[in-house]
There are 2 protein chains.
Amino acid sequence: MQTSVICLGLLRSGPATGYVIKSVLEGPLNQIYNLSFGSIYPALSKLTKEKYVTVKQHAQDKKPDKKVYTITKRGISYFEETLLAESGKYVRSGNYGDQIKSEFAMLLLFSKSLPKQNIKLILDERILSAQQQLNLITYEGPIAKDSNLNALRNSVQGRFTRGLMAEVIKTAINYIETNRKKLHD
Amino acid sequence: MQTSVICLGLLRSGPATGYVIKSVLEGPLNQIYNLSFGSIYPALSKLTKEKYVTVKQHAQDKKPDKKVYTITKRGISYFEETLLAESGKYVRSGNYGDQIKSEFAMLLLFSKSLPKQNIKLILDERILSAQQQLNLITYEGPIAKDSNLNALRNSVQGRFTRGLMAEVIKTAINYIETNRKKLHD
DNA sequence: AAGATATATATCAAAATGATATAGGGGTAT
DNA sequence: ATACCCCTATATCATTTTGATATATATCTT
């Protein structure tokens, strides 16, 4: 899915800055999709040029101007047409669909080359890390810095998607806890 | 994790071609990690220059020469040192750790913009696709074209990692089946 | 007979990452 | 106190990766 389409989809829930888009991706949408600033900011500039979004600069004392992006009608049409036209591509994994790069799984696969004590520590850390991710995804409290993307997080679709990821993480934690002895001991 | 380190890790189980490395990533290591030929072939060339692997060309009638890569002692040392030194990086997600890009999850998140009938079809297709992935991961039969990477697939580490991914996929299928009505109906 | 799938390597424009720069505020640990 | 880290906020860029395409043939399917 193109970065610009993802930005439009998120902006459909309300105006936001590039920084907020990144924050949502790292918070409630943790484990779903991640993008670097190096792709978010150019995408927002491109969308502005193409009139799919408008931008309003808010001067801030001693901080860079906050650039709040708002999706236009033209942007909404473009987003909905693109999503419908390309929805088939996003279902299957492989070249299209989910891009899977689990460095943790590769580490486990190669863990024969690691001292047992290190493996224990790695698994302990991973469980902790996964529990923290779970907290980020399932967090229901208010997001002070942003009132717009709350709506997306709490929508039926947001709840379904976050619930799916939460179940997946719980399964992984449980699997590691019950099977870890096979990798050390 | 650098592509070259992943190639070395896989070659540690036995000599292989770039094509076989890609096949393993798409077969038994499906949903764990994926790499394109455009990064595998340059990585193997680089590793050859650095003497971490050796290459033997097998002329094939009317096909490109098969280039079989074998890890060197130097390569094994480099791999084990790198893995140990960087293992901490691969535990946590975020900038380091797993790179998550689930286009399917984003599609679900944005599915308010899609006709209900399309959503039904997308979920049906996804379940089918996930079941096929499960078959690829859990396949236990012989891999005719390659006898080396069998060992990695069937090792304790291989079974653990593939088992983890299989459980995760089963959880996802089950979640979609029991909750899908929230997205259409 | 046409089309898809499999074997096998290679290249490359376009896209994305990961790091860094800039710049100040607030918290906190030694 | 002052060193250190995290938060807000945008921007840039070398390096890496993707996704597509080219090349060439055999085999299986429709």
Side-chain angles (χ1 to χ4, degrees), chain A residues 1-7 15-27 33-48 55-69 86 89-90 92-101 103 143-146, chain B residues 1-7 15-27 33-48 55-69 86 89-90 92-101 103 132 136 143-146:
Chain A
M1 202 178 289
Q2 285 173 87
T3 297
S4 55
V5 175
I6 288 167
C7 290
T17 65
Y19 187 81
V20 166
I21 288 174
K22 175 77 172 152
S23 304
V24 172
L25 257 16
E26 285 185 346
Y33 211 95
N34 201 27
L35 289 169
S36 63
F37 284 125
S39 59
I40 293 170
Y41 287 125
L44 290 171
S45 298
K46 196 188 136 220
L47 287 168
T48 307
V55 61
K56 219 175 187 179
Q57 293 207 34
H58 298 248
Q60 289 190 114
D61 201 33
K62 305 283 186 183
K63 267 187 223 175
D65 282 8
K66 196 188 278 193
K67 291 186 179 177
V68 179
Y69 293 89
E86 304 196 340
K89 285 190 193 177
Y90 308 139
R92 289 180 174 275
S93 295
N95 273 356
Y96 271 110
D98 299 347
Q99 188 188 97
I100 307 285
K101 284 195 186 298
E103 306 201 315
I143 310 178
K145 63 175 175 270
D146 152 58
Chain B
M1 202 178 289
Q2 285 173 89
T3 298
S4 54
V5 176
I6 288 167
C7 290
T17 64
Y19 187 82
V20 166
I21 288 174
K22 175 77 171 151
S23 304
V24 172
L25 257 16
E26 286 186 346
Y33 211 95
N34 202 27
L35 289 169
S36 64
F37 284 125
S39 60
I40 293 170
Y41 287 125
L44 291 171
S45 299
K46 195 187 137 220
L47 287 168
T48 307
V55 62
K56 218 176 190 181
Q57 293 207 34
H58 298 248
Q60 289 191 114
D61 202 34
K62 305 282 186 185
K63 266 188 223 174
D65 282 6
K66 196 190 277 195
K67 291 186 179 176
V68 179
Y69 293 89
E86 303 197 340
K89 286 190 191 176
Y90 309 140
R92 290 180 173 275
S93 295
N95 272 355
Y96 271 109
D98 299 347
Q99 187 187 96
I100 307 284
K101 285 195 185 298
E103 305 201 315
Q132 284 164 11
L136 287 172
I143 309 176
K145 63 174 174 271
D146 153 59

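Chain naming here is simple, since letters A, B, ... match the order of the sequence lines and numbering starts at 1 in each. Worth knowing before you read on, the calculation uses all heavy atoms, side chains too, and leaves out hydrogens, waters and symmetry mates.
A 4.5 Å side-chain heavy-atom check between A:Asn34 and A:Lys22 finds at least one atom pair inside the cut-off.
In this structure, A:Lys22 does not reach the D:dT8 phosphate: none of its side-chain N or O atoms is under 4.0 Å from OP1 or OP2. The side chain of A:Ser39 places an N or O atom within less than 4.0 Å of a non-bridging phosphate oxygen (OP1 or OP2) of C:dT17. Using a 4.0 Å cut-off, some side-chain N or O of A:Thr17 falls inside it from OP1 or OP2 of D:dT10. Phosphate contact (OP1/OP2 of C:dA10, side-chain N/O of B:Tyr41, threshold under 4.0 Å): absent. Contact annotation: A:Lys67 does not reach the phosphate of D:dT10 (side-chain N/O to OP1 or OP2, under 4.0 Å). In this model, the phosphate group of C:dT7 is approached by a side-chain N or O of B:Tyr19 to a distance below 4.0 Å at OP1 or OP2. Note on A:Lys101: a side-chain N or O is less than 4.0 Å away from OP1 or OP2 of D:dT18.
Protein atom CD of A:Glu26 is 11 Å distant from nucleotide atom P of C:dT17, rounded to whole Å. In this structure, A:Asp65 atom CG and D:dT8 atom P are separated by 18 Å, rounded to whole Å. Atom OH of A:Tyr69 and atom C1' of D:dT10 are 9 Å apart (whole Å). Separating the OH atom of B:Tyr33 from the C1' atom of D:dT16 is a distance of 11 Å, rounded to the nearest angstrom.
Contacts of B:Gly38 with the nucleic acid, taken as non-hydrogen atoms under 4.0 Å apart, include base atoms.
The side chain of B:Thr3 approaches D:dT17 more closely than any other nucleotide in the set D:dT17, D:dA9, C:dT9. The side chain of B:Gln99 lies closest to C:dG18 when the candidates are D:dG19, C:dG18, C:dT9.
The 5' end of DNA chain D is approached more closely, in terms of each residue's nearest nucleotide, by A:Gly18 than by the other of A:Gly18 and B:Leu35.
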